[in-house]
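Values reported hereafter were calculated over all heavy atoms of this structure, with side chains retained and with hydrogens, waters and symmetry mates removed.
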Amino acid sequence: MLKSISHIFHFFHRHSSAWLSLYGLISLWGYFYYFHVITQPDTFNYLLISEDFLNGRFWEGVNSMWGSLITVLVLPFMALGMDGVIAFKLVQILISLLVLRLFLLFLKRLKLSPLQEGLAVIPILPMLLLASLILTPDLLLLGMTMYYIFIVSKPDFFSDKIPIGRHIQQGLWLGLIGGMMYWSKSYGLPFFVAHFSLLCFGACIFSFWKFKNYKRITIVLKKYVSAMLVFILLAGLWMSAISLKTGQFTFGTAGKYNIALKGNVMNGVHLTKDQLHNPQTLYTKYWIYHEAGLFVDAWSPFASKENTQYFIKNIFRNLSSLSYVVFIRDVLILMFLLGLVSLNQATERSRNKKVAERSRSQLFVFITAILLYTGGYLLVFIQPRYLWIDYILLWLMFWMLVKCLDGKLLNICLLLSCLIMSINTIDRLRMMTVDRDFFESVNIISKDLEKLDLEDKNIAANHPAGNLISVDADIYLLYRHKFRYWGQVSDKRLNDEGLNTANMEHIDYFFCWDNPEYEQELFKERQLVFRSKSAHLGVYRLK
């Protein structure tokens with residue numbers, strides 16, 4: 001079996017474009033198979049910003065919460081008349097192809113055998129398919145970050161054998177990449193500044209302490225200054241715009257409000273389950289359900305001893321939650337087991353020491369990137385898509401360890417490792433198929449609701465226990481019909497207080513999801529204007 005697999009991978013090894021073609025077919029299949037599935041309500045804020053830019057409302061599109069680069073990339077497709085969701089999906093496929101290309105370039109550096117290279121690539125394919133289905137800038141930031149790490153992890157990145165002019169040119173290019181990381185997501189700014197500064201500072205210390213090489217120190221400093229000049233110029237353009245818009249100096253308010261979202265004033269409860277909120281806010285044109293931090297004052301972990309203690313406890317909770325990010329957990333377990341074996345063999349084979357010397361700088365870049373990237377998100381909260389870069393870098397480090405090993409059973413162990421790393425992502429894709437029929441019904445509902453003319457109407461909904469995707473459906477309908485969405489009220493509160501809150505806020509229509517047991521009683525004096533049995537939705541006129 002391994003011989004047959006090896007022959008196939010020999011072809012892919014000689015023709016790396018074959019991997020891109022294979023993934024292209026997989027992504028097109030995913031595009032049609034998951035065509036109606038909605039994975040993130042955030043998607044529609046990005047699309048609304050794209051529409052603002054497309055229609056010349058640039059100042060309305062400028063905001064401090066949502067990344068701007070992805071909205072610009074979607075624009076050309078929308079300008080051709082393409083639907084925004086379809087345009088976003090196609091952009092994600094193109095970005096995932098670039099990420100795969102970068103991953104293949106990383107593998108070429110490791111000089112793996114064709115079989116090992118194939119086993120390394122296989123788990124990345126379903127991971128990228130999943131990433132392309134999640135319509136957020138996280139995949140774009142992953143691609144830009146991988147490109148940055150690919151450049152700075154080159155063995156000759158600070159070599160004094162390369163002309164200084166080329167180092168300066170590379171620094172200018174890195175500044176451009178860093179700027180694109182920031183324009184992708186505001187988190188790209190602190191990561192780029194922290195990681196590149198640490199890398200250059202470490203190179204200066206190492207050059208002075210070990211070699212007393214003042215020429216290399218000069219190279220490092222010139223490269224750092226040239227990169228930061230371009231970065232500051234590029235980042236400054238967007239920082240100036242959002243600072244003027246918000247009336248305060250800021251590089252982005254996402255972190256500030258994400259911290260507020262996790263602060264003890266929230267008590268772990270989303271406001272949408274307890275009360276309705278006016279969707280017209282300073283930071284987003286149309287409100288989405290989980291941005292409850294937009295509606296509370298900025299929360300400081302250092303304002304009191306109680307806040308500090310709560311903040312530290314939250315960091316430890318996030319740290320423990322990393323064990324639930326299965327693809328990170330699995331690759332760490334594999335690396336630990338492989339590391340024990342490689343340490344044993346390292347005492348017997350001198351070639352392992354040479355491999356370690358060649359890989360030392362690359363490992364330093366990878367490990368510091370993982371620690372800084374993950375450490376920043378530990379301050380707020382962890383989502384699997386935030387850790388895609390960790391997964392790829394750890395997986396590459398796993399194959400760096402493989403280079404130190406040999407043995408008859410090695411390829412069989414690697415085949416099992418490939419399967420382990422693929423199963424969890426494939427299972428996540430399988431779970432997404434459960435919602436396909438529901439979202440297909442929502443797409444039909446959207447067309448049927450056009451007769452109600454919901455634009456600028458006040459809409460609220462219930463929050464049925466266990467039906468989380470009803471929120472995503474609300475946001476999809478919001479994007480299509482441009483109504484004013486006030487959020488969801490928990491079924492418990494509806495049972496206790498009825499529609500008092502909705503009446504006080506002058507809600508025009510109420511979306512009632514998945515609760516036929518009390519719907520008839522609750523709305524007995526209201527007009528039912530729409531019913532969908534497939535999606536379990538009833539729309540009632542309140543005014």
Side-chain angles (χ1 to χ4, degrees), residues 40-80 82 84-85 87-92 94-96 98-99 131-132 134-148 174-193 230-258 281-288 291 293-294 376 380 385-386 388-389 475 479:
Q40 283 294 318
D42 301 39
T43 299
F44 302 106
N45 270 309
Y46 295 110
L47 290 178
L48 289 165
I49 293 166
S50 294
E51 289 181 2
D52 282 337
F53 291 156
L54 184 63
N55 295 311
R57 299 189 297 268
F58 176 77
W59 193 241
E60 289 187 38
V62 170
N63 69 95
S64 57
M65 275 292 296
W66 313 103
S68 58
L69 184 57
I70 194 69
T71 63
V72 174
L73 294 177
V74 172
L75 270 181
F77 297 93
M78 294 178 66
L80 294 173
M82 193 175 293
V85 176
F88 208 145
K89 287 176 180 287
L90 292 177
V91 167
Q92 290 291 84
L94 293 175
I95 295 171
S96 61
L98 292 175
V99 172
S132 70
I134 299 174
L135 305 184
T136 68
D138 294 281
L139 181 59
L140 178 60
L141 181 59
L142 169 66
M144 300 307 301
T145 306
M146 280 183 64
Y147 191 20
Y148 159 74
L174 278 174
L176 178 63
I177 296 170
M180 293 298 99
M181 290 166 63
Y182 168 55
W183 279 53
S184 300
K185 283 186 73 172
S186 58
Y187 187 65
L189 184 145
F191 172 78
F192 174 79
V193 172
V230 174
F231 175 76
I232 291 171
L233 176 63
L234 195 58
L237 295 173
W238 188 248
M239 288 172 62
S240 300
I242 60 176
S243 296
L244 284 171
K245 182 74 177 283
T246 59
Q248 58 179 322
F249 178 76
T250 181
F251 70 88
T253 55
K256 170 184 173 182
Y257 283 97
N258 283 334
T281 72
L282 177 64
Y283 296 101
T284 180
K285 191 173 181 181
Y286 295 103
W287 173 54
I288 63 173
E291 298 300 341
L294 294 171
V380 283
R385 71 178 189 272
Y386 298 163
W388 287 336
I389 187 67
I475 305 303
Y479 171 70

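Partner of F192 under the ring-ring contact (aromatic ring centres under 6.0 Å, His included) criterion, chosen from W183, F231, Y182: F231. Residue I70 is tested with T43, V91, L47 for a side chain to side chain contact (heavy atoms under 4.5 Å, CB included); the sole match is V91.
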Steps toward side-chain contact (heavy atoms from CB on, under 4.5 Å) verdict (I134, Q40): CA-CA 7 Å; I134 299 174; Q40 283 294 318; 3.7 Å; yes
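Y46 places no side-chain N or O within donor-acceptor distance of the main-chain N or O of F88, the cut-off being under 3.5 Å. When atom types are taken as modelled, the side chain of S243 and the backbone of T250 share a donor-acceptor pair closer than 3.5 angstrom.
Nearest heavy atom pair, residue G179 against residue L234, reads CA-CD2, 3.5 Å. Closest approach of W238 to V62, counting heavy atoms only: CH2-CA, 4.0 Å. Considering every non-hydrogen atom in both G84 and Y479, the closest pair reads CA-OH, 3.8 Å. Across every non-hydrogen atom of M78 and A87, the tightest pair is CG-CB, 4.0 Å. A pairwise comparison of heavy atoms in F77 and L94 identifies CZ-CD1, 4.0 Å as the closest pair. Taking both residues in full, the closest heavy atoms of S50 and T71 are given as OG-O, 3.1 Å, listed atom of the first, atom of the second, then distance.
Atom CE of M181 is separated from atom CG of L140 by 10.5 Å, given to the nearest 0.5 angstrom. For the atom pair R385 CZ and D138 CG, the distance stands at 4.5 Å (nearest 0.5 Å). Interatomic distance, M146 CE to I177 CD1, rounded to the nearest 0.5 Å: 12.5 Å. In this structure, CG on L139 lies 6.0 Å from CH2 on W388, to the nearest 0.5 angstrom. Distance check, rounded to the nearest 0.5 Å: CG of L90 to CG of L73 gives 12.5 Å. Here CE of M239 is found 11.5 Å from CG of L244. Values are rounded to the nearest 0.5 Å.
Inter-residue side-chain proximity for K185 and Y386 is flagged as met; some heavy-atom pair is nearer than 4.5 Å.
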